[in-house]
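Everything on this sheet refers to the single structure shown next.
Throughout, protein chains are lettered first and strands after them, A, B, ... in sequence-line order, and every chain is numbered starting at 1.
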Amino acid sequence: MTVIETLLATALLAAIPLMLAATGEAIGQRSGLLNLGVEGVMLAGAFVGFVVVEAGAGMAFGLVLGALTGAAFGAGFGLAATRLSANQIVLGLGIAVAGEGATGYFFRERFGSSQPLLEAGMSRPFAAYADIPMIGPALLEQRWFVYVALFLVAVVGAWMRFGRPALMLRAAGESPFATEAAGVNVTRVRLLAAVAGQSLVGLGGAALALVEVGFFTPGMTVGIGFIAIAIAMAGRQRPLRIALLAIVFGLLRGSGTAIQLTDFNVQTEFLEMLPYAGVLVLVVLMGRQVRLPRALGTPYERESRNA
Amino acid sequence: MNKMSRYRLILIVGVLLSGLAIPLTATPGVAAQTEVERVAIVSPASRTNQGWDQQAIDTLEAIGDERGIEVEVVEEAGYDPVTPILRDLAADDVDLIICHASGYQSECPEFANAEGIPVVVTENPGAVLEGLVADIETQAQEVAYLAGVMAAAETETGTVAIVVSGEPPTWNYMTAGFAQGVHDTNPEVEIIYSVIGEAAYDDAPNARRVTETVITAGADIVFGMGNGSSFGIIQAIRDHNADADDPDNVRFIDVIGDKSDSEAGEFLMTSVLFDYTDVYTQFIDDLEAGTFGTIYTMSLENEGVRLLEPPIDIAPETVELVEEAEAGIRDGSITVPAISDAGELESFLDDLSEGDA
């Protein structure tokens with residue numbers, strides 16, 4: 001593999017956890033729920049997935065458990081945000097902090113000061129066809145989960161765009177009172193959106209630990225969760241746009257390393273800023289009509305309409 | 001005045017006098033003998049990172065156990081202002097605070113001056129103040145030079161990489177020493193220098209991506225300075241070697257700790273080990289003797305920094321070269337540059353690659 005091929009391959013791989021987390025967050029946002037706790041949920045999914053795989057379970061089982069962990073967080077968040085009308089901002093920040101703290105604590109309880117690493121045990125189903133120059137290794141030499149994740153994002157994209165569920169989801173986020181008047185249970189829609197969305201976030205975390213990195217270490221998301229929230233908003237809650245932004249972010253991040261390998265003398269601070277600045281430029285270019293769901297972040301209470 | 005109220009008066013006067021006495025005995029700049037009962041350490045990252053944070057905390061706790069000193073550990077303090085943490089520790093009556101990050105090098109002396117509690121800082125010799133502020137200089141460039149000699153002699157591809165999680169003085173010293181060692185041994189060897197991020201000490205995912213890239217660029221020996229992110233470097237090498245024909249295809253040189261018992265042991269060439277035992281013992285002794293407030297340099301000479309015995313097979317000729325270089329450093333015939341500033345380091349590396357150094 002050449003340096004460029006490696007950069008493309010690692011950029012796509014790095015985009016997968018971000019893409020899954022941002023897509024999951026987008027489902028919630030579309031329904032009117034803003035969960036700022038993505039970072040904590042990703043860490044929880046990563047930790048649970050890692051623990052079971054390290055204990056001998058298969059990668060697929062670890063990924064599923066990571067998703068279920070996310071779903072559990074989603075249920076908690078959804079219940080608090082809908083049934084208890086809790087402040088979503090405070091709730092989300094609480095989840096972010098608690099997720100980081102709890103995973104760090106349990107990691108130490110479980111592993112002490114050791115740092116176990118997983119074997120690279122995931123097959124690459126299309127590696128035999130990866131001899132196309134430049135893009136071959138990036139597209140065809142990935143581990144099987146990368147293709148599953150891309151397929152999943154495409155399916156969610158279609159689900160969020162077409163049919164009655166997509167309409168209900170959007171209506172709950174735009175005009176919950178009108179939606180309720182039309183006979184749709186907004187609370188239930190939001191609750192289901194929280195569970196489904198955060199399960200993808202948990203899966204993203206598990207993918208980070210199991211597929212991309214091969215181990216768990218406390219705080220390993222280093223801000224990916226917050227980038228996912230921004231990308232979900234900038235991508236207008238559309239999974240295909242989100243996927244594109246995630247890949248661009250991964251590419252720009254990798255390009256910092258590539259630039260360091262050249263003879264150009266560029267400040268490290270600039271290289272570190274590059275992916276964020278790049279996504280910002282894309283957001284400006286793509287997102288002139290970016291608008292968030294009208295009821296995003298506001299609790300829905302049937303009684304409050306008459307108040 | 002009855003008996004009870006007289007006692008009360010005595011008690012109040014006594015408390016007031018004690019209150020006055022504390023600042024008098026702890027006036028900045030005045031060294032005083034102190035029986036050390038409680039020592040605290042403030043560390044930026046997790047104590048499980050098998051690197052900078054763990055090495056210091058484990059050492060201090062071992063000394064505490066041995067000498068019957070209570071050790072209070074504040075880990076994962078990050079790089080945000082730590083003064084509130086220092087105040088909490090002061091409220092716990094600690095006798096000494098070790099500020100274990102170059103990021104705390106200005107905040108901790110200010111706190112010591114304001115509160116009169118002795119602190120130890122890292123890489124800030126200018127802040128040293130008798131009785132209040134002591135400094136640790138980790139001059140690891142000489143040992144890193146030896147690691148560079150080993151890398152240059154062992155590389156088969158003719159390319160070695162330096163991967164760092166930031167550009168603090170400690171990492172810069174070692175980068176310069178390593179690069180000089182490589183260059184002096186074989187000027188033809190190409191050195192790739194790659195920074196994971198500005199303060200990417202725990203950014204394991206990005207460390208992994210950077211390492212994969214430098215390996216693709218031809219590096220078969222990676223000198224990694226990461227802390228928590230080191231595991232990303234290790235996992236990238238491990239996965240690469242699992243796919244490669246030769247299991248020793250890429251080898252790793254670590255810093256600070258000894259990971260030879262971990263998964264990295266299969267390809268760990270050596271490590272620039274930091275041993276804080278002598279320096280921490282010295283500071284506690286100094287505080288008790290009333291001579292606190294000096295600069296303590298950890299170096300090859302006092303074995304505060306040393307090279308780990310290679311856990312994997314190294315050619316005897318390489319070992320000989322390293323021994324010769326060590327002798328040269330000790331007798332002064334080899335001088336290793338001490339560069340702490342990131343800008344100066346980049347110029348130095350450019351000069352080396354152009355053959356000007």
Side-chain angles (χ1 to χ4, degrees), chain A residues 1-7 9-11 13-14 17-18 46 100-101 104 107-108 111-121 124 127 137 208-209 212-224 250 253-261 263 265-273 275, chain B residues 45-50 54 57-58 75-76 78 161 163-164 166-167 192-218 228-232 234-236 238-243 259 261-264 342-343 346-347 349-350 353:
Chain A
M1 249 201 263
T2 65
V3 171
I4 297 295
E5 287 169 345
T6 303
L7 281 175
T10 54
L13 184 59
L18 182 59
E100 184 161 0
F107 179 81
R108 188 165 310 161
F111 300 107
S113 60
S114 66
Q115 176 63 65
L117 305 175
L118 300 175
E119 297 288 341
R124 299 168 196 264
L208 177 72
E212 192 193 345
V213 184
F215 60 88
F216 177 89
T217 187
M220 69 183 296
T221 43
V222 284
I224 297 174
R253 200 161 193 195
S255 66
T257 310
I259 292 169
Q260 288 184 60
L261 295 179
D263 290 334
N265 265 336
V266 185
Q267 289 287 322
T268 313
E269 290 81 1
F270 175 80
L271 297 176
E272 200 168 20
M273 185 192 73
Chain B
S46 166
R47 62 176 303 171
T48 59
N49 63 12
Q50 296 180 24
Q54 184 171 351
I57 293 168
D58 287 355
E75 56 178 317
E76 296 191 45
V163 176
V164 294
E167 292 178 300
I192 299 172
Y193 177 62
S194 199
V195 185
I196 301 163
E198 198 186 345
Y201 303 108
D202 290 319
D203 193 351
N206 209 23
R208 180 181 170 131
R209 288 191 280 274
V210 169
T211 308
E212 282 173 354
T213 309
V214 297
I215 290 172
T216 308
S229 59
S230 286
F231 298 109
I234 290 167
Q235 188 69 323
R238 191 163 169 252
D239 281 0
H240 171 87
N241 288 353
D243 292 340
K259 296 190 179 78
D261 289 336
S262 72
E263 284 92 342
E346 287 199 13
S347 306
L349 292 174
D350 286 345
S353 67

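Smallest separation of non-hydrogen atoms from B:A204 and A:F215: CB-CZ, 3.4 Å. A:E212 approaches B:P205 most closely through the heavy-atom pair OE2-CB, 4.2 Å.
In this structure, the portions of B:E212 lying under 4.5 Å from any heavy atom of chain A include both its backbone and its side chain. Proximity to chain A is absent for every atom of B:S262, based on heavy atoms less than 4.5 angstrom apart. Within the 4.5 angstrom heavy-atom criterion, only side-chain atoms of A:L208, from C-beta onward, approach chain B. Using a 4.5 Å cut-off between heavy atoms, B:Q54 touches chain A through its side chain atoms alone. Only the side chain of B:N206 comes within less than 4.5 Å of a heavy atom of chain A; its backbone N, CA, C and O stay farther away.
To the nearest 0.5 Å, atom CZ of residue B:R209 and atom OG1 of residue A:T10 are 7.0 Å apart. From B:R238, atom CZ reaches atom CG of A:L118 across 8.0 Å, with rounding to the nearest 0.5 Å. Going from atom OG1 of B:T216 over to atom CG of A:L7 covers 8.0 Å, rounded to the nearest 0.5 Å. In this structure, B:D239 CG and A:E119 CD are separated by 8.5 Å, a value rounded to the nearest 0.5 Å.
Side chain of B:R208 to backbone of A:V213: a donor-acceptor contact under 3.5 angstrom is found.
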Let's go through A:R108 and B:S46 carefully: what are the C-alpha distance in whole Å and the side-chain angles of both, what is the deciding distance for side-chain contact (heavy atoms from CB on, under 4.5 Å) to 0.1 Å, and is it a yes or a no?
CA-CA 10 Å; A:R108 188 165 310 161; B:S46 166; 3.3 Å; yes
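For the ring pair (Phe, Tyr, Trp, His ring centres under 6.0 Å) test, residues two or more places apart in sequence or in another chain that qualify with A:F107 are A:F111, A:F216.
Of the residues considered (B:E346, B:E76, B:E75), B:E75 shows the highest number of contacts with chain A, using heavy-atom pairs under 4.5 Å. With chain B as partner, the option from A:T6, A:L117, A:T217 having the largest number of non-hydrogen pairs under 4.5 angstrom is A:L117.
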